[in-house]
> 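Following this message is one structure expressed as structure tokens.
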Amino acid sequence: MNTNKKPPNCMQCKHFYITWEANFPRGCRLFAIKSRQLPMIEVMRIDGHACRGYEPKAIKKA
């Protein structure tokens, strides 16, 4: 859950993915969104709040 004052960065969220569809290249698995924009923008437009499902990606250890 995102408790920061800054809006979440979709690129750093574990739910974000690239769809490889030319018309809707960005997606969110949590909200089942495919969009031209970052999913957080669509969530903000629809819900009026910053994304509440943001979870940072796991850090890979070398």
> Kindly list each side-chain donor-acceptor pair under 3.5 angstrom involving residues 42-49, sequence neighbours excluded, with atom names and distances?
from: E42; atom 1: OE1; to: R45; atom 2: NE; distance (Å): 3.3
from: E42; atom 1: OE1; to: R45; atom 2: NH2; distance (Å): 2.8
from: E42; atom 1: OE2; to: S35; atom 2: OG; distance (Å): 3.4
from: H49; atom 1: ND1; to: D47; atom 2: O; distance (Å): 3.4
from: H49; atom 1: NE2; to: R52; atom 2: NH2; distance (Å): 2.8

> Given 3.5 Å as the limit, does a donor-acceptor pair link the side chain of R36 with the main chain of F24, or not?
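Flag not set: sc R36 to bb F24 has no pair under 3.5 Å.
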
> Scan the side chains in residues 10-17 for donor-acceptor partners under 3.5 Å anywhere in the protein, sequence neighbours excluded, and list what turns up.
from: K14; atom 1: NZ; to: E55; atom 2: OE1; distance (Å): 3.1
from: H15; atom 1: NE2; to: E55; atom 2: OE2; distance (Å): 3.3

> With hydrophobic residues grouped by side-chain heavy-atom distances under 4.5 Å, do W20 and L38 end up in a single group?
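In one cluster with W20: L38, yes.
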
> List the steps, then state whether side-chain contact (heavy atoms from CB on, under 4.5 Å) holds for R26 with Q37.
CA-CA 7 Å; R26 298 170 187 93; Q37 303 174 359; 5.7 Å; no

> If I take atom SG from residue C51 and atom CG from residue N9, how far apart are they, to the nearest 0.5 angstrom?
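Here the interatomic distance stands at 11.0 Å.
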
